[in-house]
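A short write-up of the structure that comes next.
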Amino acid sequence: MATGSVVGFVGLDDISLELATSLLRSGYSLQAFEAGSPLVDKFLKLGGKVCANPTEARKGVAALVILLSHADQINDLILGDKGVLNGLSKDTVIIFHSNVLPSQIQKLELALRDCYGTNFIVDIYVSKAVSDVLNDKTMIISSGSSESIVRAQPILSDMCAKLYTFEGELGAGSKAKMVIELLEGIHSVASVEAIGLGAQAGIHPWILYDIISNAAGNSWVFKNSLPQLLRGNQTKHLFLNLFIQNLGNVLDMAKSHKFPVPLLTVAHQQLIAGSSHPQQHKDDDSTLLKRIGFIGLGAMGFGMATHLLKSNFCVLGYDVYPPSLSRFADAGGLTGSTPAEVSQDVDVLVVMVTNELQAESVLYGDQGAVSALPSGASIILSSTVSPSFVSQLEKRLQSDPKKLKLVDAPVSGGVKKAANGTLTIMASGTDEALKHSGSVLAALSEKLYIIKGSCGAGSAVKMVNQLLAGVHIASAAEAMAFGARLGLNTRLLFDVITNSGGTSWMFENRGPHMIENDYTPLSALDIFVKDLGIVSREGSSGRVPLHIANIAHQLFLSGSAAGWGRLDDAAVVKVYETLSGVKVEGKLPVLNKESALQSLPPEWPVDPINEIRTLTENSLRTLIVLDDDPTGTQTVHDIEVLTEWSIESLIEEFKKRPKCFFILTNSRALTSEKASALIADICRNIDSAAKSVEKADYTVVLRGDSTLRGHFPEEADAAVSVLGEMDAWIICPFFLQGGRYTIGDTHYVADSDRLVPAGETEFAKDAAFGYKSSNLREWVEEKTKGQRPASSVSSISIQLLRNGGPDAVCEHLCNLQKGSTCIVNAASERDMTVFAAGMIKAELKGKHFLCRTAASFVSTRVGIIQKSPILPNDIGISRERNGGLIVVGSYVPKTTKQVEELKLQYGHVLKTIEISVNKVAMESSETREEEINRAAEMADVYLRNHKDTFIMTSRELITGKTPSESLEINFKVSSALVEIARRITTRPRYILAKGGITSSDLATKALEAKRAKVVGQALAGIPVWQLGPESRHPKVPYIVFPGNVGDSKALAEVVKRWAHPGRLSTMELLLEAERGSYAVGAFNVYNLEGVEAVVAAAEEENSPAILQIHPSALKEGGVPLVACCISAAEQASVPITVHFDHGNSKQELLEVLEMGFDSLMVDGSHLPFKDNVSYTKCISSLAHSKKMLVEAELGRLSGTEDDLTVADYEAKLTDVNQAHEFIDATAIDALAVCIGNVHGKYPPSGPNLRLDLLKDLYGLCSKKGVHVVLHGASGLSKEIIEECIKLGVRKFNVNTEVRKAYMDALSSPNKKDLINVMASAKEAMKAVIAEKMRLFGSAGKAC
């Protein structure tokens, strides 16, 4: 829906006015009806048109926003003959701005579809966001069918700062509002309970407020509503009847869905009953200390102790768990074997154990700390214990003659803050104790609160904090499970709540654990069983009713009783999941591919590819692609790839003024540190080279994996450290050929007819580069470890690409904050082209971008149009005879499936060599060397013998304990494959490398290629290189097959396309001869020497040839002679076929049909014409069923061949008229003509050929698609041969001259050994054959 459309409003309130203001700013025209409201004047002042009635407000609108304040309006305003929708176009988008219940809005939707046929209906809930990023900006939660959402989204996006869309039935906004109100209600009552408990402990409420609002117990309600309560004012909703009524609606909804909400139930009752409770902290001076004892090196304690080490304290540590002591020693700490040992001569002792029992044991038990502490030392007790325990401990220490001091200092903030020294600490004690230990407390904390009073005050504050923290975790569980029961997308619901008044520190911290179903214990559930138990006991002893806290305690107890006590405390959500049968886990849904793509707006109507080419020509910038493995070239052609990046090489490349070139970094195979250093080094060289070439400018693309694996953000940070800050980082992993789509900021991987969120695929589980987030905004936050929050990441939507085109993209990019991150959605090549055109326009305006993209971006950015897949014929290797080399190292499941399919289809043809990963990566160097040698030797043999050779690593995946160990194993496997390929000496016909690391290492290390040219793609997404002249195999095609591209049959398909086509048939030989106007010699052979002579001559002359066996030769040589001919033809480097000559016996020919000949001659020339036709037709039909060429003779040659003599009086010339009938009746493929030619020797007078007859016969045969054959070529002069070829002869039979050369060689003297005789005979025959090939014009014609 384009900006400039008319939007109507029926009903106005303050929020509607804000929505209208936003639309007017975006260029929409507005019209509205509102009865008697002062907002009408404001609407007019904004520039809107005021209508006299609702009907007028809906005229000509693209969308109509209807304010529904209460359910009664449904009948009064909407339904009925005078309803506002009566007569409205079915294609108008109806937007209900509603506060009514979900069930009411859903009934309204059904009525509208039934009564009015309305197509596009959405409802919205509008509120003010409360997060730091969106503070007080408008937030909309919308819901509706996918078609309605797509149609309404442009308008909704222009209405607000943040839009959330729930696809499905209407009412999601109201449901989300209910979940938020549930949290607000629970948080409100929990806040009052916490203040009450603190007041009972003697802590001023304002001190509690100041501390808790900066600790883990904080929530939006606590921080924003509590001050009004403490000042004696009513908050906006805390005790208002409307809020209580709303919570009653939530309870009713829960009841109707049979969902337990115990926390909300108690909160609701407390609010009905009413409750209120109610001040300052003081920092003090401290003494700087150096020697610290530390007892308790658990998750929190270890972080605290190591941070003290970093703060230059000498720390002696103790823990009952020996591995923790070892870790602490490795971190630079000193360790002791008992509490007493680490307490000697220390200034301060920090105790960070789990509970009171452990604290008592380490202080006063066997080898306890108190006995060893020096006089005047201080103890900082940071364990969560009860205030009464602290009071008793302080009294015991005061009575000790060593005058030991105690600081009660519970902590809050979690493991990460402990290690960073950014904890919140609530410390209480005597002034002397606080002053003495102040430097330690300051080192450990970001927020240090000194609480005036006795030692127990600190623990009391911690107890209050834990009350709130525990309730907030439990309420988060109740809210998220309730949302799941209501059918809401929990991941989206979580995002909504974090921007609402229902948020809390614990909700934002623990909610992701629930959504990810990841309960790896960072803080165990049993800890809150203990902590809320303390809260419960203290409340009971102080007569403070803590309804919410006790219900939360019971929930944690239920979780512990169910066996979840050692899981993360967020696992309390399992209590709700078990009771209700819902799942909170917020996996993104798998989409139907066709439906998802069809639901998107139409593509931008104009293909900008020509505009890109024009813009690229006007821009002097070269696109330099730093490719972390060679698969990034999978969408380009006629582009150079460099595998080394010296300044000299880069200067040479810049001088060519290319629009693009690749630098193969292979950085994905490196550790993060090495990859960063490599990218920085390359960028320095690029910058230096560019400065050396006049007007050289460039844009750097970090081409990465389309499934989001690789060194991000490390490589981007490294590039920026050299090239300077960019206007923006562009993240664009769309890759059509690989089935990678980005829709709604979520990246999907196509699997057949489904789109699977990337975070749910096997790629996300990569041992070195794994991740969880499918949403690219969240992925950026995850990979940058929060340095680039998801909320700060910009996005170019598909709607912007398809509705706004390149200019809208340019405007968006130019308005980005410098140094920001922008992700690009795309679902088609047109989307990618639109973005590329817009980016170039932004660059021409002076903007500089650093791109992290998949392969599709590169080709569109430089205006490359895809071409058909490359085949061996296209690069002139179709007749190369050596085997192809296929090397597979990739381990992704897709590769394994492709390998299985390849073996299934071609396992009988391929020679497979499996490399044991265990031997080359895990065993001794000797075992590794043996395995490498074995594979290389076998591969050489197979390749030389023209066998396609498949080298694969064993399929068991061996990983290390850490990502770096996994990379090391990958390196060992890859380097073994490299060494195998390096030791193979035979030049393969082609090389196929499967997997990014494998293909890179083979190209650079094994083949020593420094540059290559991308000539195209073997299949979509599978590039073909031609290796540079410096490589070990110049110009050999190198197929780079990515591990994650193609379906299960893709590898088999490429191998099939690139396999040697096998021997050409005799028909193909003669067709080539016809096209080239030459003839092919068919040479009779009788033994091995004859076969070798023909093949050797053919290879030497680069000529096709036919090995021909006469019946008499078959009688003597039998099947072995035929097998010898076939084997020789298969091994030859030029086209050779095997032909059976003069088959004049039906029985013999039936046997010949089963022997493997490529063609045969049916010789019925001795028969009457009709019998010849019948005989030839019979054999022709059988031979054609085996795809064999059939030659026949019409007429009869005189002379002798192999003791078969035809007298002159029996000879007969071919009759043209009979030939016409003969060809039609028999369907033969070649006709041996009789035009005066003879078998054997010609008479002394020489040949007397009827060339006029030959001309007529060729005229006939050429029309019928039949080839002309001339027997008796021995003894014909060069002139006659050439004239015959001109007149159409395409096959000459040669026998006599070759036989004579053989016999003459046998009779030659000085041959002392059989080997010498054979060699001499072979050479004699070869000389005659080679001369004939030159004479026939076939020399140099082998294809």
Side-chain angles (χ1 to χ4, degrees), residues 1 3-89 92-101 104-105 108-109 111-112 116 118 120-128 136-142 144 152 154-161 163 170-171 173-174 177 236 242:
M1 196 173 299
T3 299
S5 300
V6 180
V7 177
F9 282 77
V10 175
L12 292 174
D13 60 5
D14 289 330
I15 293 177
S16 299
L17 205 62
E18 289 195 24
L19 303 181
T21 302
S22 297
L23 288 175
L24 285 166
R25 286 199 200 103
S26 299
Y28 290 86
S29 298
L30 302 185
Q31 55 195 45
F33 166 77
E34 172 58 38
S37 168
L39 295 175
V40 171
D41 292 335
K42 293 182 179 180
F43 186 75
L44 275 171
K45 289 179 181 179
L46 288 173
K49 173 188 173 184
V50 176
C51 300
N53 54 61
T55 303
E56 186 181 339
R58 67 168 172 75
K59 286 183 178 179
V61 298
L64 184 65
V65 183
I66 301 175
L67 177 64
L68 283 179
S69 302
H70 51 83
D72 294 341
Q73 289 180 291
I74 293 176
N75 288 319
D76 297 342
L77 180 64
I78 299 171
L79 300 178
D81 294 338
K82 296 183 178 180
V84 68
L85 301 185
N86 192 34
L88 191 68
S89 168
T92 302
V93 178
I94 299 172
I95 302 172
F96 287 115
H97 174 199
S98 164
N99 288 317
V100 302
L101 294 175
Q104 295 168 332
I105 198 74
L108 174 59
E109 179 186 23
L112 293 179
Y116 299 103
T118 308
F120 306 110
I121 307 171
V122 299
D123 78 318
I124 60 173
Y125 168 65
V126 187
S127 63
K128 292 292 186 180
D136 208 36
K137 292 182 179 178
T138 303
M139 176 174 77
I140 292 179
I141 305 169
S142 67
I155 286 182
L156 298 178
S157 297
D158 288 333
M159 282 181 173
C160 62
L163 173 65
L170 298 184
S174 297
K177 174 175 174 284
K236 289 182 180 178
L242 179 60

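Here the structure is a predicted model, which is why all the values come from computation and not from measurement.
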Over 12 non-hydrogen atoms of neighbours within 6.0 angstrom of NZ in Lys128: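 Counting other residues, nucleotides and ligands, NZ of Lys128 exceeds 12 neighbours.
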
Please tabulate, for side-chain N and O atoms in residues 56-68, each donor-acceptor pair with protein atoms closer than 3.5 Å (sequence neighbours left out).
residue : atom : partner : partner atom : Å
Glu56   : OE1  : Ala52   : N            : 3.2
Arg58   : NE   : Val84   : O            : 2.7
Arg58   : NH2  : Asn86   : O            : 2.6

Nearest 0.5 Å, please: how far is [atom2] in [Y] from [atom1] in [X]?
| X | Y | atom1 | atom2 | answer |
| --- | --- | --- | --- | --- |
| Ile155 | Ser5 | CD1 | OG | 6.5 Å |
| Leu24 | Leu19 | CG | CG | 11.0 Å |
| Lys137 | Ser22 | NZ | OG | 11.0 Å |
| Ile124 | Ile140 | CD1 | CD1 | 4.5 Å |
| Leu23 | Phe9 | CG | CZ | 5.5 Å |
| Cys160 | Ile141 | SG | CD1 | 10.5 Å |

Is there side-chain contact between [X] and [Y], with at least one heavy-atom pair below 4.5 Å?
| X | Y | answer |
| --- | --- | --- |
| Leu17 | Phe43 | yes |
| Glu18 | Val126 | no |
| Ser142 | Leu163 | yes |

May I ask you to decide if Phe96's main-chain N or O and Asp123's side chain share a donor-acceptor pair within less than 3.5 Å?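 No; zero donor-acceptor contacts below 3.5 Å.
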
Looking at Glu34 and Lys42, is there a salt bridge between them, counting it only when a charged N and a carboxylate O are closer than 4.0 Å?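 No salt bridge links Lys42 with Glu34.
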
Pair Met159-Thr138, side chain to side chain contact (heavy atoms under 4.5 Å, CB included): steps then yes or no: CA-CA 8 Å; Met159 282 181 173; Thr138 303; over 6 Å; no

